[in-house]
Amino acid sequence: MKKKTIFKTIAVAAVLVLSSNITFAQAGSWPVPKAAADLKNPEPNNSSTIKNGKVLYQSYCTPCHGKNGKGDGPAAASLHPKPADHTSAAVQAESDGTLFYKISEGHTGTAMPPFKAVLHPDQRWAVIDYIRTLARK
Ligand code: HEC
């Protein structure tokens with residue numbers, strides 16, 4: 001191997017090691033403050049809220065979480081950790097406040113972006129009402 005090639009290989013390896021460490025360091029736990037988890041959803045849970053939530057979900061969430069919320073959107077294949085499966089019992093068992101916090105803040109070190117500057121609180125709550133309709137029957 002030429003010296004230049006060796007340096008290139010080391011540089012690439014270093015980037016891989018560093019980026020995987022960042023992913024491992026942050027991806028595991030996703031703590032939600034108790035006060036945030038206890039927040040109640042102020043949106044009326046009716047068909048018009050769910051319809052609004054669905055439109056927002058389809059624009060902002062399906063690229064990663066998939067058309068049916070299973071975590072299998074077009075971008076999912078290249079992501080580690082994978083986007084959450086919103087139909088799963090684990091996600092459905094979380095409080096509305098917990099989902100609201102996670103959607104608002106995102107998860108550093110993963111692909112999950114923060115939506116607090118993108119979606120109005122009413123819109124985030126509406127998306128949660130829509131996510132509730134995705135529960136595996
Ligand atoms: C660019 C990809 C991407 C987009 C866009 C995205 N997510 Fe995520 N989402 C992720 C990933 C990756 C995770 C898993 C993070 C982890 O495991 O730490 C995640 C996790 C979540 C979780 C946590 C579920 C749990 O396990 O508690 C919720 C809730 C969520 N996303 C909601 C949304 C909503 C709602 C939208 C749209 C408004 C959205 N996401 C858009 C990638 C994305």
Side-chain angles (χ1 to χ4, degrees):
M1 237 196 271
K2 277 201 205 119
K3 224 177 180 178
K4 224 175 165 183
T5 319
I6 293 172
F7 279 126
K8 236 193 208 161
T9 312
I10 291 171
V12 168
V15 167
L16 286 178
V17 167
L18 286 175
S19 57
S20 66
N21 274 348
I22 292 163
T23 310
F24 284 124
Q26 313 236 3
S29 74
W30 193 349
V32 175
K34 191 178 176 321
D38 287 346
L39 272 189
K40 295 280 170 277
N41 189 337
E43 282 297 294
N45 189 343
N46 58 32
S47 58
S48 114
T49 306
I50 290 170
K51 208 172 128 201
N52 291 339
K54 182 177 183 178
V55 171
L56 294 165
Y57 191 91
Q58 284 173 341
S59 333
Y60 292 99
C61 318
T62 52
C64 294
H65 290 282
K67 194 159 60 72
N68 300 310
K70 290 191 190 299
D72 57 356
S78 61
L79 298 179
H80 306 280
K82 295 281 171 228
D85 176 353
H86 290 155
T87 73
S88 69
V91 169
Q92 292 292 334
E94 294 185 293
S95 68
D96 282 7
T98 298
L99 297 178
F100 185 80
Y101 180 86
K102 290 183 171 182
I103 295 166
S104 303
E105 304 300 327
H107 197 188
T108 314
T110 80
M112 178 61 194
F115 281 96
K116 62 182 168 197
V118 179
L119 299 175
H120 189 270
D122 292 356
Q123 294 179 307
R124 278 173 263 152
W125 289 117
V127 165
I128 291 164
D129 281 342
Y130 173 66
I131 289 176
R132 293 301 180 200
T133 70
L134 301 175
R136 220 173 269 151
K137 303 275 151 36

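Numbers for residues simply follow the sequence, beginning at 1. In each ligand, atom 1 is the first atom listed, and ligand 1 is the first ligand listed.
The side-chain heavy atoms of K102 and H107, taken from C-beta on, include no pair separated by under 4.5 Å.
Annotation for ligand 1: atoms under 4.0 Å from non-hydrogen atoms of V127 are 35 (C). Proximity to L99 (heavy-atom distance under 4.0 Å) selects the following atoms of ligand 1: 29 (C). Close contacts of ligand 1 with C64, meaning ligand atoms under 4.0 Å from a residue heavy atom, involve 1 (C), 2 (C), 3 (C), 4 (C), 5 (C), 42 (C), 43 (C). Heavy-atom contacts of K102 reach the following atoms of ligand 1: 23 (C), 25 (C), 27 (O) (cutoff under 4.0 Å). Those atoms of ligand 1 with a heavy atom of V91 less than 4.0 angstrom away are 24 (C), 25 (C), 26 (O). Of all atoms in ligand 1, listed by their number and element, those nearer than 4.0 Å to a heavy atom of T110 are 15 (C), 18 (O).
Using a 4.0 Å cut-off between heavy atoms, H107 contacts ligand 1 through its side chain alone, with no backbone atom that close. For R124, no heavy-atom contact with ligand 1 is shorter than 4.0 Å. Within the 4.0 Å heavy-atom criterion, the part of P113 lying near ligand 1 is the side chain and not the backbone.
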Only pairs under 3.5 Å count here: list side-chain donor-acceptor contacts from residues 31-47, not counting sequence neighbours, and write none if there are none.
from, atom 1, to, atom 2, distance (Å)
K34, NZ, D38, OD2, 2.5
K40, NZ, D38, O, 3.4
N41, OD1, E43, N, 3.0
N41, ND2, D96, OD2, 3.3
N41, ND2, D129, OD1, 3.0
N46, OD1, S48, N, 3.1
N46, OD1, T49, N, 2.9
N46, OD1, T49, OG1, 3.1

Please report, to 0.1 Å, the donor-acceptor pairs under 3.5 Å made by any side chain of residues 67-74, with sequence neighbours excluded.
none

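For the residue pair S88/R136, the side-chain donor-acceptor check at 3.5 Å is not satisfied.
Taking each of G69, C61, A90, S88 in turn, the one with a heavy atom nearest to atom 34 (C) of ligand 1 proves to be C61.
Checking only distances, K82 never comes within under 3.5 Å of ligand 1, N or O to N or O. At a 3.5 angstrom cut-off on N or O pairs, Y60 does not count as close to ligand 1.
Contact annotation: P81 has at least one heavy atom less than 4.0 Å from an atom of ligand 1.
Ring geometry for Y57 against H65 counts as tilted: the plane angle lies between 30° and 60°, on a 0 to 90° scale.
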